[in-house]
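The structure appears right after this line, and notes come after that.
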Amino acid sequence: MLLVNTIRDNFEIVLEGLQKRNFPNAEAVLHQVLEFDKNRKETQVKRDSLQAESNNISKQIGMLMKDGKKEEAEKIKTRTTEIKEQIKTLEEEYNTYEEDLRQLLYTIPNVPHYAVPKGKSAEDNEVILQHGEIPVLQEDKLPHWELIKKYDIIDFDLGVKITGAGFPVYKGRGARLQRALINFFLDEALHAGYTEVQPPILVNEDSGYGTGQLPDKEGQMYEATIDKLYLIPTAEVPITNMYRDVILNELEFPIKNVGYTPCFRREAGSWGAHVRGLNRLHQFDKVEIVQIAHPEKSYEALEEMSNYVQSLLQKLELPYRVLRLCGGDMGFTSALTYDMEVFSAAQERWLEVSSVSNFESYQANRLKLRFRGEDKKTQLAHTLNGSALALPRIVAAILENNQTEEGIKMPKVLIPYLGFDII
RNA sequence: AGAGGAGUGGCAGAGUGGUCGAUUGCGGCGGUCUUGAAAACCGUUGUACCGAGAGGUACCGGGGGUUCGAAUCCCUCCUCCUCUGCCA
């Protein structure tokens, strides 16, 4: 979440940023934040001075009791009873202001980077580059949901039987393709300097708040209610939360982690004509890269991550484009996001396969993720993450774009991982 | 899952109601000494909030309670260790 100090010291910038996101009543909400904060401080001053007085009296009582002057001690006691009641009232007041402030801050999204274009929806995103040839397919080309049946490599009906819609079963070469992609992505990340981690795929509430899924996207996560745990919608959550309540040494930057996990999303209310087959699932596999960076270096890191993700798409020989998301389409916690989309030749549309974001200090503030610089003072770090990559739509594009009369040809880089070159 | 034990500052480890944010040791940082280093010695060494500052407040696993006063007592939750059981 945003720092109150940032809102106070850069009011206009924050306001303009939120307006770029079409955040309603931005000005009133920001004023409310400052109001709550002011009240909180004033109450704290009163409470603390009374508490100081009370602490003093208690010390006096202690000394008197030691000297055996019980009667004098009893006298002073009566004074503290008054103070205590006042403190209690102020304490409640303070807690209310603090809680109101926090709840309000939770509702405010991150301030977009100045490069973020204005806009309301995905249509206003800015295409910043396009790469690769769009393949020309034969007349009887098939979308992937037909291809998977034809070659019997992914079974949605079986998934329905076992679990429900959106939980496919990968079979035979389909399963092997999944495994090959995961290994390929992990190996590539390793070569790019990332440290591999295997985090838990259930997380607690604190972690959900740390990276911003809670309370913003409560209904989007599956919950294990008996244990108050959530199934992760992305490895971003556990991996970034490894650094919750941590004070790093400046020298440790940049921290680069990569992890493969299944991801679970309820996708409540987001099903429609365009989400057939692998386009949208409740469970899918993803390799995620996460960086913790020095604030002055975080945009360099973002570019590095963007280039890295593009290198994967190039190696997979998939045509792609890169979008800079507009204010209206960006995630709640992000300051700047690049989306990578591959062209799916049979569906004849672009599919989002990666989203690379710089959260600046928005997550770090919630996570209390700080570092100590040369001046020994603590300062919030910047967090970034990106998919590298999400599997289902990559699979869809590979299947559709590479279909031939002989079968589906596999990208060269995957062949060593697959042990076959055609499906 | 049952029984027992334990959770204190970067680490180790005192403290069981009173001037304790907390003895001490190690580690870290600064200094003296040295050509340099080691050793020795001296000093320093948590986080957050409030305050112009002086300074104040909070935090001894989390939350709640008792008390004028809690690291210390009570309740509850979490985590770890040992034994028993179960299990991939």
Side-chain angles (χ1 to χ4, degrees), chain A residues 1-9 33-105 198-210 214 223-230 238 241-252 255 262 361-381:
Chain A
M1 58 194 163
L2 298 178
L3 287 160
V4 175
N5 286 345
T6 308
I7 295 174
R8 189 173 35 241
D9 300 341
V33 167
L34 297 183
E35 178 75 15
F36 281 149
D37 187 55
K38 187 169 155 255
N39 292 338
R40 192 197 103 245
K41 284 183 187 176
E42 285 172 3
T43 312
Q44 182 180 349
V45 170
K46 288 185 206 160
R47 183 201 64 186
D48 283 0
S49 62
L50 276 179
Q51 187 65 56
E53 194 182 339
S54 170
N55 287 349
N56 255 319
I57 293 171
S58 290
K59 279 182 189 173
Q60 284 178 39
I61 291 173
M63 285 188 277
L64 289 171
M65 297 293 266
K66 233 178 195 174
D67 298 344
K69 297 172 182 172
K70 273 194 176 177
E71 282 177 25
E72 280 183 53
E74 286 300 325
K75 271 185 202 168
I76 319 182
K77 270 192 194 179
T78 55
R79 270 179 61 204
T80 56
T81 356
E82 270 175 62
I83 298 176
K84 264 184 76 181
E85 269 178 42
Q86 291 177 43
I87 291 175
K88 203 182 167 189
T89 311
L90 287 167
E91 182 73 26
E92 282 166 10
E93 214 173 292
Y94 179 87
N95 288 340
T96 306
Y97 285 132
E98 205 188 25
E99 184 60 21
D100 287 350
L101 178 62
R102 185 169 50 236
Q103 291 304 330
L104 190 58
L105 286 171
Q198 270 192 35
I201 59 178
L202 272 80
V203 294
N204 58 29
E205 204 181 32
D206 286 346
S207 295
Y209 275 96
L214 293 175
E223 283 183 61
T225 49
I226 294 175
D227 298 292
K228 288 184 185 162
L229 298 173
Y230 296 86
N241 270 283
M242 297 196 304
Y243 299 92
R244 174 151 46 85
D245 288 316
V246 165
I247 299 177
L248 296 161
N249 187 313
E250 196 176 21
L251 302 173
E252 294 175 69
I255 290 172
S361 61
Y362 191 92
Q363 288 183 329
N365 188 27
R366 288 200 189 178
L367 293 160
K368 293 190 176 66
L369 163 51
R370 292 157 291 171
F371 70 95
R372 209 185 300 278
E374 258 185 80
D375 59 359
K376 306 272 181 185
K377 284 187 180 172
T378 59
Q379 200 185 138
L380 291 174

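Residue numbers begin at 1 in each chain, while the letters A, B, ... track the order of the sequences.
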Requested in this report: Using the C1' atom as the reference point in each nucleotide, state the distance between B:A71 and B:A6 in Å, no decimals.
Outcome: 15 Å
Query raised in the report: Rounded to the Å, how far apart are A:Tyr94 OH and B:G56 C1'?
Result: 13 Å
**Report entry** Contacts of A:Ser207 that satisfy side chain to side chain donor-acceptor pair (under 3.5 Å) - sequence neighbours left out
**Finding:** A:Asn204, A:Arg244
Query raised in the report: Using the C1' atom in both, what is the distance from B:U34 to B:C11, to the nearest Å?
Result: 31 Å
**Report entry** Rounded P spacing from B:G56 to B:A22 in Å
**Finding:** 12 Å
Report task. Pick base, sugar-phosphate or nothing for A:Arg79, based on heavy-atom distances below 4.0 Å to the nucleic acid. Result -> nothing
Query raised in the report: What is the distance from CG of A:Leu64 to P of B:U19, rounded to the nearest Å?
Result: 14 Å
Query - Pairs satisfying salt bridge (Lys or Arg N to Asp or Glu O under 4.0 Å), at least one member in residues 47-60 of chain A, at least two apart - result: A:Arg47-A:Glu91, A:Glu53-A:Arg79
Query raised in the report: What's the CZ-P distance between A:Phe36 and B:C49, to the nearest Å?
Result: 20 Å
Requested in this report: Report the residues that fulfil side-chain contact (heavy atoms from CB on, under 4.5 Å) with A:Glu82, sequence neighbours left out, ordered by chain and then residue number.
Outcome: none
Query - Rounded distance in Å - CD (A:Glu91) to P (B:C50) - result: 15 Å
Query raised in the report: With rounding to whole Å, what would you report as the distance between B:G10 and B:G46 at their C1' atoms?
Result: 9 Å
Report task. Send over the distance from A:Leu50 CG to B:G55 P, rounded to a whole Å. Result -> 21 Å
Query raised in the report: Residues two or more places apart in sequence or in another chain: which of them pass side-chain contact (heavy atoms from CB on, under 4.5 Å) with A:Gln86?
Result: A:Leu50
Query - Letter per nucleotide, 5' to 3', of nucleotides 57-68 of chain B [B base touched, S only sugar-phosphate touched, - untouched; heavy atoms, 4.0 Å] - result: SS---------B
Query raised in the report: CD1 of A:Ile83 versus C1' of B:G69: gap in Å, rounded?
Result: 13 Å
Query raised in the report: Taking the same atom, C1', in B:C68 and in B:A14, what whole-Å distance lies between them?
Result: 28 Å
Query - Whole-Å P distance, B:G63 and B:G13 - result: 25 Å
Query - Residues which pass side-chain contact (heavy atoms from CB on, under 4.5 Å) with A:Asn5, listed by chain and number, not counting sequence neighbours - result: A:Arg8, A:Asp9
Requested in this report: May I ask you to check whether over 12 heavy atoms, not counting those of A:Glu42, lie within 6.0 Å of atom CD?
Outcome: yes
Query raised in the report: Looking at residues at least two apart in the chain, or sitting in another chain, which of them share a side chain to side chain donor-acceptor pair (under 3.5 Å) with A:Gln103?
Result: A:Glu99
Query raised in the report: Rounded to the nearest Å, what distance is computed from the NZ atom of residue A:Lys41 to the C1' atom of nucleotide B:A48?
Result: 14 Å
**Report entry** Rounded P spacing from B:G17 to B:G27 in Å
**Finding:** 34 Å
Query raised in the report: Can you list the residues that meet the side chain to side chain donor-acceptor pair (under 3.5 Å) rule with A:Asp100, with sequence neighbours excluded?
Result: none
Query - A:Asn5 or A:Met63, whichever maps to the more 5' nucleotide of RNA chain B - result: A:Met63
Report summary line: Those residues at least two apart in sequence (or on a different chain) that pass side-chain contact (heavy atoms from CB on, under 4.5 Å) with A:Lys368 are A:Asp245, A:Arg370
Query raised in the report: A:Asn249 has an atom CG; how far is it from atom P of B:G27, in whole Å?
Result: 19 Å
Query raised in the report: Is there a donor-acceptor contact under 3.5 Å from the side chain of A:Glu252 to the main chain of A:Asn249?
Result: yes
Report task. Say whether A:Gln60 and A:Asn56, considering side chains only, have a donor N or O and an acceptor N or O under 3.5 Å apart. Result -> no
Requested in this report: Check RNA chain B for consecutive Watson-Crick or G-U pairs with both distances under 3.5 Å and list the runs of at least three as stems.
Outcome: B:1-7 with B:78-84, B:10-12 with B:24-26, B:27-32 with B:40-45, B:46-50 with B:55-59, B:61-65 with B:73-77
Shorter than 3.5 Å, N or O on both sides, protein versus nucleotides 44-47 of chain B: list them out with atom names.
from: B:U47; atom 1: OP1; to: A:Arg372; atom 2: NH1; distance (Å): 2.4
from: B:U47; atom 1: OP1; to: A:Arg372; atom 2: NH2; distance (Å): 3.2
from: B:U47; atom 1: O3'; to: A:Arg370; atom 2: NH1; distance (Å): 3.0

Report summary line: Residues passing the side chain to side chain donor-acceptor pair (under 3.5 Å) test with A:Glu74, sequence neighbours excluded, are A:Lys77
Report task. Using the C1' atom on both, measure B:C60 against B:A12 and round to a whole Å. Result -> 16 Å
Query raised in the report: Any sub-3.5 Å donor-acceptor pair from A:Thr6's side-chain atoms to A:Leu2's backbone N or O?
Result: no
